[in-house]
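Before any comments, here is the structure.
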2 protein chains.
Amino acid sequence: MAHSSASMSSKPSTSHDIAQGLSLAIHEHRIAPGTKLGEDELAEIYGVSRTVVRAALQSLSHIQLVEIRRNKGARVASPSLAEAHEVFEARELLEPRIARSAAARANATDIALLERHIRDEHAALDASDPGRALYLSGLFHNEIARIADQATIAGFVETLVARSSLIIALYWRHERALCEKHAHHALVRALADKDEAQAEALMKSHLVDLHSALDLRERNWRAGSLKDALTQ
Amino acid sequence: MAHSSASMSSKPSTSHDIAQGLSLAIHEHRIAPGTKLGEDELAEIYGVSRTVVRAALQSLSHIQLVEIRRNKGARVASPSLAEAHEVFEARELLEPRIARSAAARANATDIALLERHIRDEHAALDASDPGRALYLSGLFHNEIARIADQATIAGFVETLVARSSLIIALYWRHERALCEKHAHHALVRALADKDEAQAEALMKSHLVDLHSALDLRERNWRAGSLKDALTQ
DNA sequence: TTGCCGTCGATTGTATACAATTTTGTGTCC
DNA sequence: GGACACAAAATTGTATACAATCGACGGCAA
């Protein structure tokens, strides 16, 4: 149940742990897109050999959270604007369908879990931790995909949500407030009512909103210190 | 340009080469679902160390062509019937949309390439090489996704096509002949005519045909010798 | 015979050592 | 002062060595 971040010298982290830790740090915007992820550096931080770190980085590169170039090492991915639009187009294609299936299958336990996610998200926002709120918001979408019981598409959604986190870090318009509170809540209502058409429509419009909230100008930030972000 | 299969002792294969070689062998049904892929075995075959083989296997596990279980090694994936239906449902969702985009963007070069694919496929069938024909048929779908210029969805399609090859190995009804000749040819015509609606409809019905040609009973085969398949 | 348990062999997981490549720094020449 | 060339350092790629785990075989007791 522990967050299993770095600096836990007691347990010998596996490559999965490391991938999870890096993924969380990227999701919560503690590591910026474009940051170099040196193998020795990570090996030292997590107290393992480069072998394990390499496995973790390869794993993350497959879901395009990091970009590995031969003999050049790994960096946190930095999606172009074109890629950003592609990702949201893909989400607009997949997730409404998933929401429909989820509405047909959701039970009381699922609904309770989703409501809990929303509560946690609000708590994170109140605690001025927008990074964590964003991460939980992503989990919310993943959870709906899981409820739909279509592991294949759910896997795709997971990678799209992950990449969305990078995209938001790069292209989000800060002027526009987080309107997700209402969208997510309404979606859960539709799922609870088993209203498939409504769930599909709400998901679609929610994603279109997100997509239109991207900034078409230039990217916002870069780089950042790695060890600080990972060792809390 | 070489096929870069195994037994080419001249070039020091990279992990990408090995993943490609294994992938091709699986696509062409020279390696059956469920086959054990021992690290030492592959390392010897390709003349590299286990390090490189492990990287290749991990790579293939991410697209679910092989299944890696901790301390148990890697096997060629063996999708369940439920997974099989999931894969085709996902394809029915993604590929018609992709076909529509491809119709809007296809140029003369693209059409020529697709027609060449179809010719190669026929040639393979005439040469009684159904494995290669199946592989080329998969390439055909990948190529359409590439033409649509949506790298993200194209990547998804690629993994779905790959898994479809496993599914066909396990659940294909042999009684039903390869009806793909007409379907693929008609699809290319629609793309050449830039008839988006027709392309979308044809792709959808083509996939539904494939899906309905799956055998709901039990799996067909298993195991098989590895070195023979890889060393030609 | 059947079931259990311990040892042994085989296979995978991890760490370390070495080779190859890229990057960085420095000195020289124009 | 700037550009090029070369050398040194740092980083990644690959191979090998060692540790841990799993599975099979065989002995022993019930």
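Below, all heavy atoms of this structure are taken into account, side chains as well, without hydrogens, waters or symmetry copies. Chain letters run A, B, ... following the sequence lines, proteins first, then strands; residues in each count from 1.
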Can you check the [X] [atom1] to [N] [atom2] distance for me, whole Å?
X: A/L57; N: D/dT12; atom1: CG; atom2: P; value: 9 Å
X: B/L37; N: C/dA10; atom1: CG; atom2: P; value: 20 Å
X: A/Y46; N: C/dT14; atom1: OH; atom2: P; value: 16 Å
X: B/E44; N: C/dT12; atom1: CD; atom2: P; value: 14 Å
X: B/R50; N: D/dG13; atom1: CZ; atom2: C1'; value: 17 Å
X: A/E41; N: D/dT11; atom1: CD; atom2: P; value: 9 Å
X: A/D17; N: C/dT14; atom1: CG; atom2: P; value: 10 Å
X: A/Q58; N: C/dG13; atom1: CD; atom2: P; value: 14 Å

Closest-nucleotide ordering on DNA chain C, the 5'-leading residue of B/T51 and B/D40: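 Whichever sits nearer the 5' end wins; that is B/D40.
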
Distance-only donor-acceptor hits, side chain of residues 136-145 of chain B, under 3.5 Å, sequence neighbours excluded:
residue : atom : partner : partner atom : Å
B/S137  : OG   : B/E180  : OE1          : 2.7
B/H141  : ND1  : B/R91   : NH2          : 3.1
B/H141  : ND1  : B/E95   : OE1          : 2.8
B/H141  : NE2  : B/H184  : NE2          : 3.3
B/H141  : NE2  : B/H206  : NE2          : 3.3
B/E143  : OE2  : B/R146  : NE           : 2.7
B/E143  : OE2  : B/R146  : NH2          : 2.6

Can you find a side chain N or O atom of [X] that sits less than 4.0 Å from OP1 or OP2 on [N]?
X: A/K36; N: D/dT12; answer: yes
X: B/R54; N: C/dG13; answer: yes
X: A/S49; N: C/dA15; answer: yes

Check residues 49-62 of chain A and write down every donor-acceptor pair under 3.5 Å in which the side-chain atom is one partner and the other belongs to a residue at least two apart or another chain.
residue : atom : partner : partner atom : Å
A/S49   : OG   : A/T51   : N            : 3.2
A/S49   : OG   : A/T51   : OG1          : 3.4
A/R50   : NE   : A/E39   : OE1          : 2.9
A/R50   : NH2  : A/E39   : OE1          : 3.0
A/R54   : NH1  : A/E39   : OE1          : 3.4
A/R54   : NH1  : A/E39   : OE2          : 2.8
A/S61   : OG   : A/Q58   : O            : 2.8

In terms of side-chain geometry, is the basic nitrogen of A/R163 or A/E83 positioned less than 4.0 Å from the acidic oxygen of its partner?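 The answer is yes: the pair qualifies as a salt bridge.
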
Considering only heavy atoms, which members of residues 69-76 of chain B lie under 4.0 Å from some atom of DNA chain D?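 The stretch gives B/N71, B/K72 as the residues lying under 4.0 Å from the strand, ordered by number.
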
Working to the nearest 0.5 angstrom, can you tell me the gap between B/I153 CD1 and A/E86 CD?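 That separation rounds to 7.5 Å.
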
What distance do B/F88 atom CZ and B/S164 atom OG have between them, rounded to the nearest 0.5 Å?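 Those atoms lie 4.0 Å apart.
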
Got A/Y171 and A/L166 here, is their nearest side-chain heavy-atom distance under 4.5 Å?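 They are not in contact (no side-chain heavy atoms under 4.5 Å apart), so the answer is no.
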
Contact between A/L160 and A/L94 at the side-chain level, heavy atoms closer than 4.5 Å - yes or no?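 They are in side-chain contact.
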
